[in-house]
There are 2 protein chains.
Amino acid sequence: MGQRRADTIAEELEERIFDGTFSDGDRLDEVRLAQQFGVSRTPLREAFQRLALSGLVELIPRRGAFVRQPGPVELMEMFEVMAELEAVCGRLAGKRISDRALAELNDANAKCQAALAAQDSDAYYVENERFHHILYRESGNSFLQQEACKLHKRLKPFRRQQLRFRGRLAQSMAEHEAVVQALTHGDGDAAAAVLREHVAVQGEKFHTLMASLKSAAE
Amino acid sequence: MGQRRADTIAEELEERIFDGTFSDGDRLDEVRLAQQFGVSRTPLREAFQRLALSGLVELIPRRGAFVRQPGPVELMEMFEVMAELEAVCGRLAGKRISDRALAELNDANAKCQAALAAQDSDAYYVENERFHHILYRESGNSFLQQEACKLHKRLKPFRRQQLRFRGRLAQSMAEHEAVVQALTHGDGDAAAAVLREHVAVQGEKFHTLMASLKSAAE
DNA sequence: GTCAATCTTTTTGTATACAAGAATGCAAAT
DNA sequence: ATTTGCATTCTTGTATACAAAAAGATTGAC
């Protein structure tokens, strides 16, 4: 419905929340933003609705729309769920993955390796993402795929930093190889175990990151 | 935002979609429903937005809002994901569950047993639901809990029928006992395995149900 | 009789106008 | 000085009005 402008506005706002233009607790002023986008309040309100359902914004009746960034605890929880979803994808893919997809995974891994050799963490990041999306797809369950993609996207801004941890790229690479190895042998459980650890460690890294930031602030 | 009436309208529409007043593919007429609810189009459109994000309604630009019931394939996929989510809850609960919660689970099971003895499938259904919600909570991950609840609710109208299968109640009961048993011993993996099967079988039952309906229609 | 093009009607998307609730500031009283 | 009550102001929630796009009908040609 509120489609032509409302959805582009929703994306734009989502972008600004992700990139930190708006921070946690900020109120999204209807009239201000309406003027800024050059539209009326109506499409903005429709955009707010969508953001609310994605969990990026909290709608308080008669009070307004407030940016709702996940706190450390919620973030850890989300990483934990992400880890489990990836594990499920891996396990299901063990039974269902095609040779074609296995080749794709190997290709993504090769490009990851190249990026690693070139110390190009951006390129690594891109191929890493491709790797995981192939996995979601090969779960053979498009509902699961959608859910995994949604959460993956949601965690994107928090994951990027993790890759910069010392030695993380190499370790991550090895884990990818292990996943492909397991899937090649049709061992979904092994792939699941590796993936669970692979993603869970990101949550832990994040945890230590938060802890260091906190102690630095004290 | 669109809060006072818009959200009650959203709930009402959700209700009607669940109970079959609206069936798959139906267009939700803005003006018609607006008159019916005695409001203007604005709150209705806000309600549509919410339903769209829950996946119950599809918003096609410049065309309108259409009811979107999951088809057999999508439903099977959703049951599969539900099974995996429950399994994850079980595994995590194995490490984290409290004695208090174990007692609650036993209580729910006892009431289930009573309902089973009384051939009261409605009562069984209620306690069964409680059992699962306790499990979600005891995963110790409130994000996971939320996701599990959302999907559980979404599948509600399709699950109810399954319980009427011959002998299903008794089997379901036994599975619940097995879950509590595993959790009591802190064996999350065992609980996960049982739960995965416990929920997955619902998807299969559904599958056979669909198949029988289809062959009956031919 | 069928098909196509155009015109009419309907319906969505957006803007604006209005009403009601919440926040803020000021003043008076304790 | 603090607090309580009221009034003002701002903001949200809803209704209505208008514009543009899509669906539908009508007329004309073949």
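Every chain is numbered from 1 and lettered A, B, ... according to where its sequence line falls, protein lines coming before strand lines. No hydrogens, no waters, no symmetry mates; every other heavy atom, side chains included, goes into these values.
For A:Asp7 and C:dT12, the CG to P distance is 17 Å, given to the nearest whole Å. Regarding B:Arg62, its CZ atom lies at a distance of 6 Å from the P atom of C:dG13, rounded to whole Å. Computed from coordinates, the B:Gln35 CD to C:dT10 C1' distance equals 14 Å when rounded to whole Å. Atom pair A:Phe48:CZ and D:dT14:C1' shows a separation of 17 Å (rounding to whole Å applied). The nearest whole Å value for the distance from the CG atom in A:Leu44 to the C1' atom in D:dT12 is 13 Å. Between the CD atom of B:Glu46 and the P atom of C:dT12 there is a distance of 16 Å, given to the nearest Å. Rounded to a whole Å, the CD atom of B:Gln49 is 13 Å from the C1' atom of C:dT14.
Heavy atoms of B:Val39 sit under 4.0 angstrom from primed sugar atoms or phosphate atoms, though from no base atom.
For the pair A:Pro43 and A:Arg63, nearest-nucleotide mapping onto DNA chain C gives the more 5' position to A:Pro43. If A:Gly38 and B:Asp29 are placed on DNA chain C by their nearest nucleotide, the residue sitting closer to the 5' end is B:Asp29.
Not a single donor-acceptor pair under 3.5 Å links the side chain of B:Arg196 to the backbone N or O of B:Ala83.
The shortest distance between the side-chain N/O atoms of B:Arg32 and the OP1/OP2 oxygens of C:dT11 is not below 4.0 Å. Neither OP1 nor OP2 of D:dT14 sits under 4.0 Å from any side-chain N or O of B:Thr42. Put simply, A:Arg45 has no side-chain N or O that comes within less than 4.0 Å of OP1 or OP2 on D:dT12.
Taking the six-membered ring where tryptophan is involved, the planes of B:His132 and B:His198 are essentially parallel, since the angle between them stays under 30° and well short of 60°.
Checked by distance alone, B:Arg41 brings a side-chain donor or acceptor within 3.5 Å of a matching partner on the base of C:dG13.
Side-chain polar atoms of B:Gln146 and B:Tyr136 form no donor-acceptor pair below 3.5 angstrom.
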Under 3.5 Å, which donor-acceptor pairs do the side chains of residues 72-79 of chain A form with other protein atoms, sequence neighbours left out?
| unit_1 | atom_1 | unit_2 | atom_2 | d |
| --- | --- | --- | --- | --- |
| A:Glu77 | OE1 | B:Ser142 | N | 3.4 |
| A:Glu77 | OE1 | B:Ser142 | OG | 2.8 |
| A:Glu77 | OE1 | B:Phe143 | N | 3.1 |
| A:Glu77 | OE2 | B:Ser142 | N | 3.2 |
| A:Glu77 | OE2 | B:Ser142 | OG | 3.2 |

Side chains of residues 101-110 of chain A: which donor-acceptor partners sit under 3.5 Å, not counting sequence neighbours?
| unit_1 | atom_1 | unit_2 | atom_2 | d |
| --- | --- | --- | --- | --- |
| A:Glu104 | OE1 | A:Arg137 | NH2 | 3.3 |
| A:Glu104 | OE2 | A:Arg137 | NH2 | 3.3 |
| A:Asn106 | ND2 | A:Leu102 | O | 3.4 |
| A:Asp107 | OD2 | A:Lys111 | NZ | 3.1 |
| A:Asp107 | OD2 | A:Arg130 | NH2 | 2.6 |
| A:Asn109 | OD1 | A:His176 | ND1 | 3.2 |

